[in-house]
Amino acid sequence: MSFAVWLSLLTASVVISFTPGAGAINTMSNAMNQGWRRSIWGIVGQQIALIVHVAVVAAGVGLLVARSEILFNGIRYAGAAYLVFLGIRLILTRPAPVFEDAPEPVDSRESRWSMIRRGFWVNLLNPKAIVFFLAFIPQFVRLDQPPLPQYLTLIATVIVVDVIVMWGFFAAAARPFRRLTRTARGQRVLNTVFGALFIVVAAILVLLH
């Protein structure tokens with residue numbers, strides 16, 4: 001991959017990562033409920049899903065999904081249903097106990113594996129990501145050159161950029177609101193707002209073709 005092509009890939013990756021979506025909402029929610037540092041685990045899960053998407057497209061399965069209305073809609077509705085589930089669960093979550101001397105809610109820490117798993121499914125159950133990579137990858141992978149180095153460069157670039165944007169921008173942007181988690185009312189407000197955002201993204205996933 002030439003430097004000019006890689007630079008184009010880098011620019012496209014930055015634009016894509018800054019586009020708000022379920023991943024950004026999940027990251028900001030994690031940052032406020034679990035803290036900026038621990039939000040990285042949700043981001044890790046999202047990157048694993050991204051690798052799976054690229055692998056699926058590279059293997060040719062993505063083309064099958066894109067051409068099959070049944071498969072595409074099946075994944076699309078499953079993804080929307082999962083986002084609705086996350087939204088409702090977040091809205092119904094009871095505030096963690098808060099004491100005046102405690103810097104944050106008691107017993108509010110979610111396990112790393114749980115955050116990784118949720119981040120993975122949030123990004124994986126998005127058929128539009130597969131279709132996007134079907135259009136995205138051919139722009140940067142040349143068929144007359146060895147594919148493996150090109151795919152590794154593409155994956156490394158996309159992941160590094162996405163981690164920096166998610167952790168350095170979206171998670172960091174949520175840090176000032178973390179003080180709201182120190183009161184039961186603040187927790188309810190944040191859970192309701194982000195739960196509603198998950199549901200809105202689910203609706204967009206279903207309604208927009």
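Computed from a predicted structure; not experimentally measured.
- With rounding to the nearest 0.5 Å, the separation of OG1 in T153 from CG in L10 is 12.5 Å.
- Hydrophobic clustering (ILVMFWY, side-chain heavy atoms < 4.5 Å, transitive): L86 and V193 are in one cluster.
- A distance of 12.0 Å separates CZ of R112 from CD of Q34, quoted to the nearest 0.5 Å.
- With rounding to the nearest 0.5 Å, the separation of CD1 in I70 from CD1 in I75 is 12.0 Å.
- Applying the side-chain hydrogen bond (donor to acceptor under 3.5 Å, both in side chains) rule to S114 yields the partners E110; only residues at least two apart in sequence or on another chain are considered.
- Ring-plane geometry between F169 and F18 is classed as perpendicular, the angle between the planes exceeding 60 degrees on a 0 to 90 degree scale with a lower cut at 30.
- No chain of hydrophobic side-chain contacts below 4.5 Å, direct or via other Ile, Leu, Val, Met, Phe, Trp or Tyr residues, connects I88 to I25.
- Cluster partners of V15, using a side-chain heavy-atom cutoff of under 4.5 Å among ILVMFWY residues and allowing indirect links: none.
- Connection of V122 to V44 is established within a shared hydrophobic cluster, with ILVMFWY side chains joined at heavy-atom distances below 4.5 Å, either directly or through further cluster members.
- Remark: F85 engages no residue in a ring pair (Phe, Tyr, Trp, His ring centres under 6.0 Å) (not counting sequence neighbours).
- Here the side chain of N73 pairs a donor or acceptor atom with the backbone of E69 at under 3.5 angstrom.
- Note that the CZ atom of F170 and the CH2 atom of W36 stand 15.5 Å from one another [nearest 0.5 Å].
- In plain terms, the two heavy atoms of Q145 and Q150 that are nearest each other are O-NE2, 3.2 Å.
- Counting all heavy atoms, side chain and backbone alike, P176 lies closest to A172 at CD-O, 3.6 Å.
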Show the atom names and distances, to 0.1 Å, of all donor-acceptor pairs under 3.5 Å that link a side chain in residues 48-56 to residues at least two apart or in another chain.
unit_1	atom_1	unit_2	atom_2	d
H53	NE2	N123	O	2.9
H53	NE2	L124	O	3.4

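- With sequence neighbours excluded, the residues forming a side-chain hydrogen bond (donor to acceptor under 3.5 Å, both in side chains) with R142 are D144, listed by chain and number.
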Begin from the C-alpha positions of R188 and N191 and carry the test side chain to side chain contact (heavy atoms under 4.5 Å, CB included) through to its verdict.
CA-CA 5 Å; R188 282 193 293 268; N191 289 341; 5.8 Å; no

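- Applying the 6.0 Å contact sphere to CG of L7 captures more than 12 heavy atoms from other residues, nucleotides or ligands.
- The same ILVMFWY cluster, assembled from side-chain heavy atoms under 4.5 Å apart, contains both M115 and W113.
- In the hydrophobic clustering, L148 connects to L152, either directly or through intervening members, whenever side-chain heavy atoms lie under 4.5 Å apart.
- For the atom pair CG (N33) and CG (L190), the distance works out to 6.5 Å, reported to the nearest 0.5 Å.
- One hydrophobic cluster, built from ILVMFWY side chains closer than 4.5 Å, holds both V165 and I155.
- Here the shortest heavy-atom pairing between A12 and F140 reads CB-CZ, 4.2 Å.
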Scan the side chains in residues 195-206 for donor-acceptor partners under 3.5 Å anywhere in the protein, sequence neighbours excluded, and list what turns up.
none

Go through the steps to decide whether I137 and Y151 satisfy the test side chain to side chain contact (heavy atoms under 4.5 Å, CB included), and finish with yes or no.
CA-CA 9 Å; I137 289 177; Y151 276 108; 3.7 Å; yes

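- Residue N30 comes nearest to G42 through the heavy atom pair ND2-CA, 3.9 Å, listed as atom of the first residue, atom of the second, then distance.
- Here the closest non-hydrogen pair linking M28 and A173 is CE-CB, 4.5 Å.
- Checked against ring pair (Phe, Tyr, Trp, His ring centres under 6.0 Å), F120 has no partners two or more places apart in sequence or in another chain.
- Applying the side-chain hydrogen bond (donor to acceptor under 3.5 Å, both in side chains) criterion to D162, with sequence neighbours excluded, gives S17, Q47.
- Members clustered with I164: V160, by chain and number, using a 4.5 Å side-chain heavy-atom cutoff among hydrophobic residues.
- The ring pair (Phe, Tyr, Trp, His ring centres under 6.0 Å) search around W41 returns none, not counting sequence neighbours.
- Counting heavy-atom neighbours within 6.0 Å of R117 CZ, excluding the residue itself, gives a total above 12.
- A31 and A174 make their closest contact through CB-CB, 3.9 Å (heavy atoms, listed as atom of the first residue, atom of the second, distance).
- Here T157 pairs with W6 under the side-chain hydrogen bond (donor to acceptor under 3.5 Å, both in side chains) rule; sequence neighbours left out.
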